[in-house]
Amino acid sequence: MLEQLQRLQTHMGALKTRLEHVENENKSLLKEKDSSEEQSHTQIMHKNGIITQKQDEIEKLTEQLSLLQTQFQGLNTDATSLAERYGRLEKSCTDLKTRFQEILAERNELRLVKEKMQNEQRHAQQEIQDLQKERERLIQKNDHAKAKVEAIIQRLSILGTEQDQHAQEIQQLAHPTETNEEA
């Protein structure tokens, strides 16, 4: 029994040593656990701080996104109105080009009409000059004919008076008594 008791004491000593070793290990593990808990608590606090920052950043980014979406909608509205204005301006430009081409065509037509009228005017002026020359020639011819007619009339009147005198003389000779009675 003594032997058993010695074995038990040896076992008890070994168990005590083991227990001390386990207790020391347990203490060191508890210290590690505490240190680990502190580190994890610190890390959790740090991560929570980061999460809070990230949430703040997310909120700021959400606000910025909202503002940017509003700006984007405004820009889309502006772009739509500018596109409509550009379309109207393009149509107006096309209309102006068409009108300008029409005006150019009218101008060219008016130039042709002007040239035609200038030619007609030149021809008319030439005709007027020709007619004036013809008139002057006819006036001279008329004056010459008048002079001839007047000369003929004078000759006839001279002849007429001479013939009247001759006729009176003949009558006097034919009817001498009538002349005496009249006298």
Side-chain angles (χ1 to χ4, degrees), residues 43 45-183:
Q43 284 179 350
M45 292 301 285
H46 180 66
K47 296 288 181 186
N48 282 340
I50 290 174
I51 288 172
T52 306
Q53 284 178 340
K54 294 297 179 185
Q55 284 175 339
D56 289 343
E57 286 179 22
I58 287 171
E59 287 176 9
K60 286 178 185 177
L61 289 174
T62 305
E63 288 175 11
Q64 285 179 348
L65 177 65
S66 175
L67 287 172
L68 291 174
Q69 283 176 336
T70 306
Q71 287 177 347
F72 179 72
Q73 287 174 347
L75 289 173
N76 271 341
T77 305
D78 291 346
T80 304
S81 71
L82 285 174
E84 289 172 0
R85 285 179 67 192
Y86 179 76
R88 287 193 304 268
L89 286 173
E90 206 170 45
K91 185 181 179 294
S92 296
C93 185
T94 304
D95 292 345
L96 285 174
K97 281 181 184 176
T98 304
R99 182 64 184 135
F100 183 70
Q101 289 172 348
E102 289 172 359
I103 289 171
L104 287 177
E106 287 178 22
R107 183 194 70 178
N108 291 338
E109 288 175 19
L110 288 173
R111 278 186 181 168
L112 292 174
V113 168
K114 175 188 166 191
E115 289 173 6
K116 182 181 175 186
M117 292 183 86
Q118 284 175 339
N119 285 335
E120 288 176 3
Q121 184 182 15
R122 273 189 241 117
H123 288 297
Q125 285 175 346
Q126 185 63 41
E127 284 181 28
I128 289 170
Q129 288 175 354
D130 291 345
L131 289 172
Q132 285 175 343
K133 286 178 185 175
E134 179 69 19
R135 180 176 171 247
E136 289 172 12
R137 189 182 63 75
L138 288 173
I139 288 173
Q140 286 176 354
K141 196 173 179 182
N142 191 22
D143 289 344
H144 184 64
K146 257 189 202 177
K148 278 186 179 179
V149 167
E150 287 176 0
I152 290 172
I153 289 173
Q154 281 180 352
R155 280 192 227 143
L156 286 176
S157 68
I158 291 171
L159 281 176
T161 53
E162 284 178 8
Q163 281 183 354
D164 283 345
Q165 284 178 354
H166 289 305
Q168 284 177 359
E169 285 177 3
I170 291 174
Q171 249 184 359
Q172 280 179 357
L173 288 172
H175 303 287
T177 54
E178 289 178 7
T179 340
N180 288 339
E181 287 176 8
E182 288 177 5

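With respect to D95 and R99, no salt bridge is recorded, no charged nitrogen being found less than 4.0 Å from a carboxylate O.
Distance check, rounded to the nearest 0.5 Å: CZ of R85 to CG of L89 gives 6.5 Å. Here the straight-line distance linking atom CG of L82 with atom CG of L75 works out to 10.0 Å at 0.5 Å rounding. One distance of note links NZ of K60 with CD of E63; it measures 9.0 Å at 0.5 Å rounding. Expressed to the nearest 0.5 Å, how far CG of D143 lies from CG of L138 amounts to 11.0 Å. In this structure, CD1 on I51 lies 12.0 Å from CG on D56, to the nearest 0.5 angstrom. Atom NZ of K114 is separated from atom CD of Q118 by 5.0 Å, given to the nearest 0.5 angstrom.
For the pair E134/R137, a side-chain contact is recorded, criterion being any heavy-atom separation below 4.5 Å from C-beta on. Taking the side chain as every heavy atom from C-beta outward, L68 and Q71 approach each other to under 4.5 Å.
Side-chain atoms of Q126 and D130 include a donor-acceptor pair closer than 3.5 Å.
Not counting sequence neighbours, N76 has no partner by the side-chain hydrogen bond (donor to acceptor under 3.5 Å, both in side chains) test. Partners of Q43 according to the side chain to side chain contact (heavy atoms under 4.5 Å, CB included) rule, which considers only residues two or more places apart in sequence or in another chain, do not exist here.
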Side chain to side chain contact (heavy atoms under 4.5 Å, CB included), that's the test. Do K91 and T94 meet it? Break it down for me.
CA-CA 5 Å; K91 185 181 179 294; T94 304; 5.6 Å; no
Evaluate N108 against R111 for side chain to side chain contact (heavy atoms under 4.5 Å, CB included), listing each step before the verdict.
CA-CA 5 Å; N108 291 338; R111 278 186 181 168; 4.2 Å; yes
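Considering all non-hydrogen atoms of both residues, N119 and R122 come closest at OD1-NH1, 2.5 Å.
Counting non-hydrogen atoms of neighbouring residues, nucleotides and ligands closer than 6.0 angstrom, the CZ atom of R107 exceeds 12 such neighbours.
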